[in-house]
Number of protein chains: 2
Amino acid sequence: MNISETARITGLPAKTIRYYEEIELVRPDRQDNGYRDFNDTHIHQLRFLARARALGFGIDDCRSLLALWDDRDRASADVRHIAQTHLKDIERKIADLSAMRATLSHLVDTCAGNDRPDCPILNSLADT
Amino acid sequence: MNISETARITGLPAKTIRYYEEIELVRPDRQDNGYRDFNDTHIHQLRFLARARALGFGIDDCRSLLALWDDRDRASADVRHIAQTHLKDIERKIADLSAMRATLSHLVDTCAGNDRPDCPILNSLADT
DNA sequence: CTTGACCTTCCAGTGACAGGAACCCTTATC
DNA sequence: GATAAGGGTTCCTGTCACTGGAAGGTCAAG
């Protein structure tokens, strides 16, 4: 299967699929003319990757998860550990962003947003 | 004032301050020996930048905010617009991350995390 | 035979720095 | 006067996960 059809099926851009081959997340065959050739296994791997990336897993985690998926003797604890570490990371980011939101929304609310120059947002950034 | 003292006062790494000069966010003088020389204005600008970055503003926004700060004839509406756009951006990120967290925490909760290979996390990523 | 839609590789850019090499300046000490 | 420590400087590379684009090969249709 050609790359554009593969892209259509997996929902991944062709560029991304080529990149995944370059970093050896997926290893498509080659047709006689040099075109990449994806089979069902590759499609499944790419769909797996698309879902893992959509959950925010980094490429290294994706590589580990793919390997665990492929390993019939895996321990679910290994999978869970990766997911939980990532979950903590996400929660930290949410906390950071929430703090920013709190400060910013307060500032935006108190700024008149008119033609005058006085602005609590700039005052807060300048402080003293 | 030398860069290391400036770094200490502003809380920014010296590397970051050099980078800000490179992209012309700040324009320190030079001493006779070629060392950068920061005065009070530069310090204020750097502290301003540190606060704006801590609120998640991108470099381009920081540049605009610095210019508005410097402009006595600014309209607070311009400042507010930048802040509100950024706030929306943050809220979108929080929403995205929250969705990931919901899915992930559910999966982590339902995964036994033991020596056995069966794992709802992988099942979910593989789907069909 | 040409057109257009594919495909290929390779190179550069993104954002906001961080790490490190190679080298200069200043001050103190031996 | 030599040297060592602790500043400073520039320049290059790497980060992360792609994205855009150029130059050129391949294929099916009209």
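Labels below follow one simple rule: chain letters A, B, ... track the order of the sequence lines, proteins then strands, and each chain is numbered from 1. Below, all heavy atoms of this structure are taken into account, side chains as well, without hydrogens, waters or symmetry copies. Given the structure is predicted, the values throughout are model-derived calculations rather than measurements.
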(request) Using only side-chain N and O atoms of B:Arg53, determine if any of them is under 4.0 Å from OP1 or OP2 of C:dC17. (result) yes
(request) Specify the separation, in whole Å, of atom CG of A:Asp60 and atom P of D:dA17. (result) 7 Å
(request) Name the closest nucleotide to the B:Arg18 side chain, picking from D:dC18, C:dC17, D:dT9. (result) D:dT9
(request) Ignoring backbone atoms, test whether B:Asn33 places a side-chain nitrogen or oxygen under 4.0 Å from the OP1 or OP2 oxygen of D:dT9. (result) no
(request) Specify the separation, in whole Å, of atom CD of B:Glu22 and atom C1' of C:dA16. (result) 11 Å
(message) Please report the end-to-end axis angle for the helix from C:dC1-D:dG30 to C:dC30-D:dG1, five pairs per end, rounded to 10 degrees.
(response) 40°
(request) Mind calculating the distance between CD1 (A:Ile23) and P (D:dT19) to the nearest angstrom? (result) 12 Å
(request) Assess whether side chain to side chain donor-acceptor pair (under 3.5 Å) is satisfied between A:Asp78 and A:His81, documenting all intermediate values. (result) CA-CA 5 Å; A:Asp78 292 341; A:His81 177 72; over 6 Å; no
(request) Starting from P on C:dA5, measure out to CZ on A:Arg8 and report it in whole angstrom. (result) 18 Å
(message) Using whole Å, what does the distance between atom C1' of nucleotide D:dG8 and atom CE of B:Met1 come to?
(response) 16 Å
(request) Measure from CD on A:Gln31 to P on C:dT8 and round the result to the nearest Å. (result) 8 Å
(request) Give one of base, sugar-phosphate or nothing for B:Phe57, where a contact means two heavy atoms less than 4.0 Å apart. (result) nothing
(request) Name the orientation class of the two ring planes belonging to B:Phe57 and B:His86 (parallel below 30°, tilted from 30 to 60°, perpendicular beyond 60°). (result) tilted
(request) In sequence, state the C-alpha distance, the side-chain angles, and the governing distance for A:Glu21 and A:Arg27, and then conclude on salt bridge (charged side-chain N to carboxylate O under 4.0 Å, His left out). (result) CA-CA 6 Å; A:Glu21 185 194 22; A:Arg27 298 166 188 272; over 6 Å; no
What pairs of nitrogen or oxygen atoms, one from the protein and one from nucleotides 20-22 of chain C, lie under 3.5 Å apart?
unit_1 : atom_1 : unit_2  : atom_2 : d
C:dG20 : O6     : B:Lys15 : NZ     : 2.4

(request) Inspect the surroundings of CG in A:Asp29 and state if more than 12 heavy atoms from other residues, nucleotides or ligands are less than 6.0 Å away. (result) yes
(request) Would you mind reading off the distance between A:Glu21 atom CD and D:dA17 atom P, rounded to a whole angstrom? (result) 18 Å
(message) Show the nearest heavy-atom pair for residues A:Phe48 and A:Leu66, with the distance to one decimal.
(response) CD2-CD2, 3.6 Å
(message) Tell me the interatomic distance from A:Ile59, atom CD1, to D:dT15, atom C1', rounded to whole angstroms.
(response) 14 Å
(request) Verify the distance criterion only: is there a donor paired with an acceptor across the side chains of B:Asn114 and A:Ser76 at less than 3.5 Å? (result) yes
(request) List the atom of A:Ile23, the atom of A:Ile59, and the distance in Å for their closest heavy-atom pair. (result) CD1-CG2, 3.6 Å
(request) Identify which nucleotide among C:dC17, C:dT9, D:dC18 has an atom closest to any side-chain atom of B:Thr16, counting heavy atoms from C-beta outward. (result) C:dC17
(message) Using the side-chain heavy atoms of B:Tyr19, tell me which of these nucleotides is nearest: D:dT9, D:dC27, C:dA16.
(response) C:dA16
(request) Answer yes if the side chains of B:Gln45 and B:Asp70 hold a donor-acceptor pair under 3.5 Å, and no otherwise. (result) no
(message) Quick check: is B:Tyr35 connected to B:Val26 through a chain of hydrophobic side chains (ILVMFWY, heavy atoms under 4.5 Å apart)?
(response) no
Sub-3.5 Å pairs of nitrogen or oxygen atoms, protein against nucleotides 3-7 of chain D:
unit_1 : atom_1 : unit_2  : atom_2 : d
D:dG7  : N2     : B:Tyr35 : OH     : 3.0

(message) For C:dC7 and A:Arg36 - does any side-chain N or O of the residue sit under 4.0 Å from the phosphate oxygens OP1/OP2?
(response) no
(message) Treating B:Arg36 as the side-chain partner and B:Arg30 as the backbone partner, does any N or O pair qualify as donor plus acceptor under 3.5 Å?
(response) no
(message) We want to know whether A:His106 and A:Asp109 form a side-chain donor-acceptor pair, criterion being a heavy-atom distance below 3.5 angstrom.
(response) no
(message) So does A:Ser4 get a backbone contact from the side chain of A:Asn2, meaning a donor-acceptor N/O pair under 3.5 Å?
(response) no
